[in-house]
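Right, one structure below, let's go through it.
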Amino acid sequence: MTTRLYNTLTRTREELRPLTDNKVKMYVCGPTVYNYIHIGNARVFVFFDVVRRYLQYKGFEVTYVQNFTDVDDKLIKAAQEEGVAVPELAERYIAAYFEDMDALGVKRADVHPRATEHIPEMIEAIQNLIDKGHAYEINGDVYFRSLSKEDYGKLSHQSIDELKSGARIEVNERKENPLDFALWKAAKPGEISWDSPWGKGRPGWHIECSAMARKYLGDSIDIHAGGMDLCFPHHENEIAQSECWTGETFAQYWLHNGYINMGNEKMSKSLGNIVRVKELREEYEPRALRYFLLSAHYRNPISFRYDTIRQFEGALERFDTVVTNLRHRMEAAVDGEPSSAVEARLKELTQAFEEAMDDDFNTANAISVLFDGVKFANDWVAKDVVSKQSLERILQWFRVFGSDILGLMELEPEEILDSEIEALIEERIQARKERNFARADEIRDRLQEMGIILEDTPQGTRWRKK
RNA sequence: GGGGGCAUAGCCAAGUGGUAAGGCAAGGGACUGCAAAUCCCUCAUCCCCGGUUCAAAUCCGGGUGCCCCCUCCA
């Protein structure tokens with residue numbers, strides 16, 4: 001089955017057909033590293049991490065590139081305020097970014113290029129655009145001539161006139177046209193800068209993605225993605241630059257995810273109503289954050305509420321207990337072939353899962369398939385006689401869909417207990433045999449205080465961490 | 001002024017013509033020495049008003065409320 005995805009460029013769902021064979025080239029706009037990332041930023045990275053994992057599962061060879069914007073106005077301002085150098089500030093927040101992403105289970109991109117390490121590539125692009133008449137230099141600044149691209153506005157579906165009539169276009173008398181945007185900005189005294197044919201300066205925001213995408217993925221890429229607020233002007237401008245530069249179609253599919261709202265407002269750094277991942281993960285299970293981000297379709301808005309995150313922690317417990325149930329049942333299972341009933345059910349579930357994900361990456365439905373699997377597994381575990389091989393197959397299914405693709409389930413066994421706890425558990429088993437329930441309950445309560453929950457099953461007593 | 005989006009149970013949420021998925025929470029039952037876990041059951045006329053249709057949460061028209069983009073922002 002082919003994967004269908006909503007393309008902002010055409011405003012329709014299209015079948016994913018990579019430019020070459022089964023190779024998918026993906027570029028996702030990464031963070032501007034002047035601060036810690038917030039949960040809204042994390043939505044992009046978590047969601048496209050799942051897209052990448054799913055496409056890999058489908059057999060595509062995915063090359064995933066995500067940049068760091070490590071020089072721009074905001075970085076310069078933040079660095080000045082703190083009295084540190086821009087590279088030092090960037091370094092700090094890049095490290096922080098990776099810490100947050102590791103916690104959320106986001107895998108590293110194949111390449112994480114930084115803007116400041118690709119200045120020559122950007123200068124080359126800018127020079128090319130000037131040579132072709134798509135850009136012009138004024139007093140050390142270089143601007144892109146938006147009117148020179150006849151289909152400028154095609155991504156955001158706005159005509160030049162519509163864009164111009166917008167009341168919020170900044171007035172800059174140096175530009176030929178208000179819609180023109182900076183490719184290169186002349187350095188002000190004391191600012192970090194690089195040499196260029198137009199004097200000392202630094203790149204504009206948009207050109208870095210064009211330059212780095214081309215360097216690592218080529219003239220044309222398959223998927224280009226980011227948050228909806230990047231659609232205009234950032235992605236629109238990237239298209240304009242890249243296509244004027246190379247003469248090729250920049251990206252086939254443009255994917256944009258919805259925002260996270262705080263109350264009735266978009267969560268954004270400029271509004272100051274942000275909730276940082278760094279702080280959230282101290283208070284909540286990071287997987288619950290990941291679950292929260294995947295619980296709604298990626299193009300729909302999500303409202304952030306602390307008690308919603310708590311809800312997802314509760315849901316996560318079912319994922320954890322089913323794994324515990326399967327593992328524990330394994331100890332009293334027999335040898336034999338995997339049951340054909342198990343194979344058949346897992347096949348159905350796999351189909352349902354793929355159907356959900358192939359439908360524009362409907363993670364909400366994919367997760368509900370996971371719960372169908374949980375129910376099936378718990379039923380299976382309750383049978384009198386089950387084979388180890390059947391249980392293994394079910395665990396394997398969860399590994400692929402719950403862990404490898406969605407990153408919501410943990411399949412690793414719990415760590416070993418210490419000897420004191422083990423002794424207490426032993427003592428309680430003994431007490432129960434002697435029907436000394438008062439002592440048994442006493443021990444169970446005490447272990448609970450120590451964070452260990454005991455459960456008596458037909459296959460014996462087992463424990464788990466609270 | 002132009003361009004989009006959202007409104008489904010206490011909460012999260014899927015569903016784009018065929019009679020409301022799934023999860024959290026809650027209540028009842030089974031199982032248990034008691035629990036826990038698990039399983040079963042219960043819990044929505046889909047923002048409002050019209051219209052089209054044998055049939056509408058889904059399509060059309062008109063409202064109401066909220067959000068976003070056209071400026072840095074995921």
Side-chain angles (χ1 to χ4, degrees), chain A residues 8 11 28-32 37-48 72-74 77 153 156-159 161-171 178-179 181 205 225-234 236 256-261 263-271 274 291-292 295-297 299-303 305 307-319 321-322 324-325 328 352 356 359 362-372 374-375 377-379 381-382 432 435-438 440-441 444-445 448 453-458 461-464:
Chain A
T8 305
R11 287 186 177 167
V28 176
C29 288
T32 300
I37 63 157
H38 60 73
I39 187 77
N41 299 318
R43 186 178 190 186
V44 187
F45 308 130
V46 166
F47 174 69
F48 288 104
D72 85 326
D73 292 341
K74 296 188 291 292
K77 184 162 175 261
S156 44
H157 302 277
Q158 302 256 344
S159 70
D161 287 342
E162 286 166 349
L163 286 166
K164 260 200 262 187
S165 69
R168 297 159 76 196
I169 286 179
E170 144 198 24
V171 181
L179 288 175
F181 56 89
W205 174 34
M228 259 173 197
D229 43 2
L230 294 187
C231 185
F232 190 92
H234 185 54
E236 194 73 70
H256 294 99
N257 63 275
Y259 311 112
I260 291 183
N261 295 132
N264 277 334
E265 277 181 326
K266 168 188 170 185
M267 181 184 293
S268 74
K269 285 174 184 165
S270 43
L271 287 172
I274 62 166
Y291 188 171
F292 166 69
S295 67
H297 185 87
R299 287 191 284 114
N300 286 155
I302 309 185
S303 286
R305 287 178 52 167
D307 50 347
T308 304
I309 308 292
R310 283 281 179 241
Q311 274 189 199
F312 288 111
E313 282 185 327
L316 233 32
E317 272 184 45
R318 294 198 66 210
F319 290 152
T321 44
V322 75
T324 306
N325 289 345
H328 184 252
D359 182 22
N362 194 327
T363 51
N365 279 340
I367 290 169
S368 85
V369 174
L370 225 47
F371 278 104
D372 291 339
V374 168
K375 191 152 169 293
N378 282 327
D379 273 330
V381 157
R432 288 187 74 226
R435 304 191 66 78
N436 181 356
F437 295 120
D441 291 349
R444 186 169 61 193
D445 289 347
Q448 175 138 18
I453 293 174
L454 289 188
E455 297 173 350
D456 303 317
T457 77
T461 297
R462 70 181 194 195
W463 61 273
R464 64 189 166 91

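Proteins get letters first, then strands, A, B, ... in listed order; numbering begins at 1 in each.
Side chain A/Arg444 to base B/A35: a donor-acceptor pair is found below 3.5 Å. Judged by atom type and distance alone, A/Asp441 reaches the base of B/G33 through a side-chain donor-acceptor pair under 3.5 Å.
With B/G5, B/A37, B/C68 as the choices, the nucleotide that has an atom nearest any side-chain atom of A/Lys266 turns out to be B/C68. In the set B/A36, B/A74, B/A13, B/A13 carries the atom at the smallest distance from any side-chain atom of A/Ile302. Out of B/G4, B/A37, B/C73, the shortest distance to the side chain of A/Asp229 is found at B/C73. For A/Arg462, the listed nucleotide lying nearest its side chain is B/A37; candidates were B/A37, B/C69, B/A14.
Here A/Lys74 lies in heavy-atom contact (under 4.0 Å) with sugar-phosphate atoms only. Across all strands, A/His297 comes closer than 4.0 Å only to sugar-phosphate atoms, never to a base (heavy-atom distances). Using a 4.0 Å heavy-atom criterion, one finds that A/Gly40 contacts the bases of the nucleic acid, with or without backbone contacts as well. No engagement by A/Pro31 is indicated, since no non-hydrogen atom pair under 4.0 Å with the nucleic acid exists. Residue A/Asn378 is in sugar-phosphate contact alone, with no base atom involved, counting any heavy-atom pair closer than 4.0 Å across all strands shown. Contacts of A/Asn300 with the nucleic acid, taken as non-hydrogen atoms under 4.0 Å apart, involve only primed sugar atoms and P, OP1 or OP2. Within 4.0 Å of A/Tyr259, counting heavy atoms only, lies at least one base atom of the nucleic acid. Within 4.0 Å (heavy atoms only), A/Ala382 reaches no atom of the nucleic acid at all. Using a 4.0 Å heavy-atom cutoff across all strands shown, A/Asn325 reaches sugar-phosphate atoms only and no base atom. If you check every strand for non-hydrogen atoms under 4.0 Å, A/Thr321 touches sugar and phosphate atoms only. If you check every strand for non-hydrogen atoms under 4.0 Å, A/Ile37 touches nothing.
When Watson-Crick and G-U wobble pairs are counted only if both distances are under 3.5 Å, B/C6 pairs with B/G65. Base pairing analysis places B/G33 opposite nothing; no Watson-Crick or G-U wobble pair with both distances below 3.5 Å involves it. Using N1 to N3 plus N6-O4 or O6-N4 for Watson-Crick, or N1-O2 and O6-N3 for G-U wobble, each under 3.5 Å, B/A26 pairs with B/U42. In this structure, B/C72 forms no base pair with any nucleotide, since neither Watson-Crick nor G-U wobble geometry is met with both distances under 3.5 Å. Shown here, B/G50 forms a base pair with B/C60; the pair counts as Watson-Crick or G-U wobble because both key distances fall under 3.5 Å.
With rounding to whole Å, A/Asn436 atom CG is found 14 Å from B/C34 atom C1'. A/Gln448 has its CD atom 9 Å from the C1' atom of B/A35, to the nearest Å. The nearest whole Å value for the distance from the CG atom in A/Asn261 to the P atom in B/C69 is 10 Å. What separates CD1 of A/Ile39 from C1' of B/C73 is a distance of 17 Å, to the nearest Å.
Remark: side-chain polar atoms of A/Glu236 are paired, donor with acceptor, to backbone N or O of A/Gly153 under 3.5 angstrom. At least one donor-acceptor pair closer than 3.5 Å links the side chain of A/Arg43 to the backbone N or O of A/Tyr259.
The shortest distance between side-chain heavy atoms of A/Ser268 and A/Ile274 does not fall below 4.5 Å. Side-chain contact between A/Asn261 and A/Met267 is absent, with no heavy atoms from C-beta onward closer than 4.5 Å. Contact check for A/Phe292 versus A/Ile309: side-chain heavy atoms found under the 4.5 Å cut-off. When side chains are defined from C-beta on, A/Ile260 does not count as touching A/His38, because their heavy atoms never get closer than 4.5 Å.
Spacing between B/G28 and B/G61 at atom C1', rounded to whole Å, works out to 47 Å. Here, B/C59 and B/G15 have their C1' atoms 16 Å apart, quoted to the whole Å. The same atom, P, is picked in B/C12 and in B/G51; the two are 33 Å apart, to the nearest Å. The gap from the C1' atom of B/A37 to that of B/C47 amounts to 41 Å, rounded to the nearest Å. Taking the C1' atoms as reference points, B/G10 lies 13 Å from B/G27, given to the whole Å. Rounded to the nearest Å, the gap between the P atom of B/G50 and that of B/A44 is 24 Å. Comparing the C1' positions of B/U8 and B/A21 gives an interatomic distance of 12 Å, to the nearest angstrom. For the P atoms, the distance linking B/G5 with B/C46 amounts to 23 Å, nearest Å.
Contacts of A/Phe48 classified as ring-ring contact (aromatic ring centres under 6.0 Å, His included), with partners at least two apart in sequence or in another chain: none.
Side-chain contact of A/Asn325 with A/Arg462: a donor-acceptor pair under 3.5 Å is present, judged by distance alone.
The only option from A/Ile453, A/Thr461, A/Asp456 that meets the side-chain contact (heavy atoms from CB on, under 4.5 Å) definition with A/Arg444 turns out to be A/Asp456.
Contact annotation: A/Trp205 side-chain N/O to B/C73 OP1/OP2 distance is under 4.0 Å. Remark: A/Asn362 is in phosphate contact with B/G15, judged by side-chain N or O atoms under 4.0 Å from OP1 or OP2.
Comparing A/Asp379 and A/Arg11 by the nucleotide of RNA chain B whose heavy atom lies nearest to each, the residue mapping closer to the 5' end is A/Arg11. Residue whose closest nucleotide on RNA chain B sits further toward the 5' end, between A/Asp307 and A/Met267: A/Asp307.
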Produce the list of close N/O pairs, under 3.5 Å, pairing protein atoms with atoms of nucleotides 21-32 of chain B; give distances to one decimal.
from  : atom 1 : to       : atom 2 : distance (Å)
B/G23 : N2     : A/Gln311 : NE2    : 2.8

> Would A/Ile367 and A/Tyr291 count as a side chain to side chain contact (heavy atoms under 4.5 Å, CB included) if you check the C-alpha gap in whole Å, the side-chain angles of each, and the deciding distance to 0.1 Å?
Replying inline: CA-CA 9 Å; A/Ile367 290 169; A/Tyr291 188 171; 3.6 Å; yes
